[in-house]
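One structure is given here, and the rest of the page talks about it.
Hydrogens, waters and symmetry mates play no part in the numbers below; they use all other heavy atoms, side chains included. Indexing begins at 1, ligand by ligand and atom by atom, following the structure's order.
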Amino acid sequence: MSAGTELHALGVADAARALRERRCSAVELTQHLLARAAAHAGLGAFLAVNEAAALAQARAADARLARGDAGPLAGVPVAHKDIFVTDFATSGLPSTAGSRMLAGYRSPFDATVVARLGDGEPGRGAGAGMVTLGKLNCDEFAMGSANENSAFGPARNPWDASRVPGGSSGGSAAAVAARLVPAATGTDTGGSIRQPAGFSGVTGIKPTYGVCSRYGMIAFASSLDQAGVLARSAEDCALVLSAMSGFDERDATSAQRPPQDFHAQMLQPREGAGAGRPLAGLRLGLPREFFPAALAADVHGALRAALAELEKLGATLVDVSLPRTELAIPVYYLIAPAEASSNLSRFDGVRYGHRAADPADLLDLYKRSRSEGFGAEVQRRIMIGTYVLSHGYYDAYYLQAQKLRRMIADDFQGCFRDCDVIAGPVAPSVAWKIGEQADDPVKAYLADIFTLPASLAGLPGMSVPAGFGAHGMPVGLQLIGNYFDEATLLQTAHALQQATDFHARVPAGF
Ligand code: GLN
């Protein structure tokens, strides 16, 4: 590498280019980032690293790069939210979902997303050849908004270590923001990619439900869970998303669509776009419910400036309405726990998970295994979910919530008659202090208001760095697109990132 360019300064596209041009080797890049992960272990971003396995993958990538038969991302490091299972035999990495229930769990296979980004799926074609650095911290079973529900301790925000990085993909956001890795996977059930990306000043995309396979993603709420990427730019997100997405017959809800090249789609000029106006003709809808009086003034100010920038780039701002925005909170917090209570029933200490010592009888075994294995938030959700699904309450709660979910999705379709992309805040405030909300779960639930609606509708969403607010903390702009229109989202974010440098700023000390 030329003097002055630090290897951790390379994003996905830059690193891929440097590797292809042999300006650095995958082994050098991997060694550099492994040392960096160790030096910044205090951030709590990584739950597990396996140096030997990562270096073996890097050596294999270097060999392919030398032979000239490497994929476009060969040798570029990536790290996975620890909700994706990784084959222990090949990766040496446990898969824990941030839970004591699965501490040390050794998966016998890779999640489809992990395989596609890495070595490929056995018998199903080559992977992108990225190097897996390790597994990233997250809220237990992805339940949370601050990474404080991890059984293995919090992750910290690189912009201010006394603040949360967001959640549940908090380790992913912290690692990307601190330049420990060029890109990380995440999952988003109700905002868990977009909110940590926003809180930590990185770019995140959750595609349309069904774009990425859920096979090997430890399930939270199956009708909402969707994998995605956190990286430094829309361009880097597009490259990684292209490699990890696509139909998978092992996930019955996987969308049967041809493979997408989101990067090429993102760079396709819009019809009517001219010099300096790449977004000409784009109608950006601003739901009035996304700009309430209660929205923090610093967040509002940063968003207004970003929207003015998008207007300069050719977009037109239009008023739209999502009248059931507030209802998304109770609807989500009935449906997600209902599905979680069912999904998590498999962790009984017999078939899966932590087993209590010296049980008196079978009931004692179940009770103590689950009380010891699950943290407080997970137990709370299992109880809520079991309650709303029980006889006599199912119609009053679960069925009502399902009906409202449909109406929330219909409201979006109403908006998309008048606009191409919806824009608004990711969260009502910047990242809060660690511990500040820990004893009031409802406060955290309420802060999910802007991310839950798109999740309930299954729509693609992004968080794009849009400036800084109180305490110098990052503010994210949320973009929501229509089904399978990731391209327009990425195009909008890319145009903003060509005109601004918020995504390129690095927190002090990193
Ligand atoms: N904060 C939300 C929750 O706690 C969303 C989490 C997620 O998207 N995984 O459920």
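Heavy-atom separations between Y445 and ligand 1 are all 4.0 Å or longer. The closest approach between any non-hydrogen atom of G144 and ligand 1 is below 4.0 Å. Using 4.0 Å as the threshold, R381 has a heavy atom nearer than that to some atom of ligand 1.
Contact annotation for Y333 and ligand 1: only side-chain heavy atoms (C-beta onward) come within less than 4.0 Å of the ligand.
Remark: ligand 1 and A142 share an N or O pair separated by less than 3.5 Å (distance only, no angle test). Polar contact with ligand 1: absent for T187 (N/O pair, distance under 3.5 Å). At least one N or O atom of D448 sits closer than 3.5 Å to an N or O atom of ligand 1.
The two residues P182 and G11 make their nearest non-hydrogen contact at CB-C, 3.9 Å. Nearest heavy atoms, T451 versus G190: OG1-O, 2.7 Å. Smallest separation of non-hydrogen atoms from S162 and K433: OG-NZ, 3.1 Å. Residues L224 and S455 come closest through the heavy atom pair CD2-O, 3.3 Å.
Taking the centre and axis of the six-membered ring of F291, the NZ or CZ atom of R304 falls inside the cone set by 45° and 6.0 Å.
Between K443 and D440, none of the side-chain N atoms (NZ, or NE/NH1/NH2) sits under 4.0 Å from a carboxylate O, so this pair counts as no salt bridge. Using a cutoff of 4.0 Å between basic side-chain nitrogens and carboxylate oxygens, R214 and D225 are not scored as salt-bridged.
Remark: the Q379 side chain and the S371 side chain contain no N/O donor-acceptor pair separated by less than 3.5 Å.
Each of the following atoms of ligand 1 lies closer than 4.0 Å to a heavy atom of F220: 9 (N), 10 (O). Atoms of ligand 1 found under 4.0 Å from any heavy atom of S168, numbered from 1 in the order shown, are 9 (N). Close contacts between ligand 1 and G190 involve ligand atoms 5 (C), 7 (C), 8 (O) [criterion: under 4.0 Å to a heavy atom]. Residue contact check: S145 has heavy atoms under 4.0 Å from atoms 1 (N) of ligand 1.
The single protein non-hydrogen atom nearest to atom 5 (C) of ligand 1 is Y332 OH, 3.3 Å, given as residue, atom name and distance. With respect to atom 7 (C) of ligand 1, the closest heavy atom belonging to the protein is S192 OG, 2.4 Å.
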For this session: Show your reasoning for whether side chain to side chain donor-acceptor pair (under 3.5 Å) applies to S321 and E289.
Result: CA-CA 7 Å; S321 175; E289 297 79 5; 2.7 Å; yes
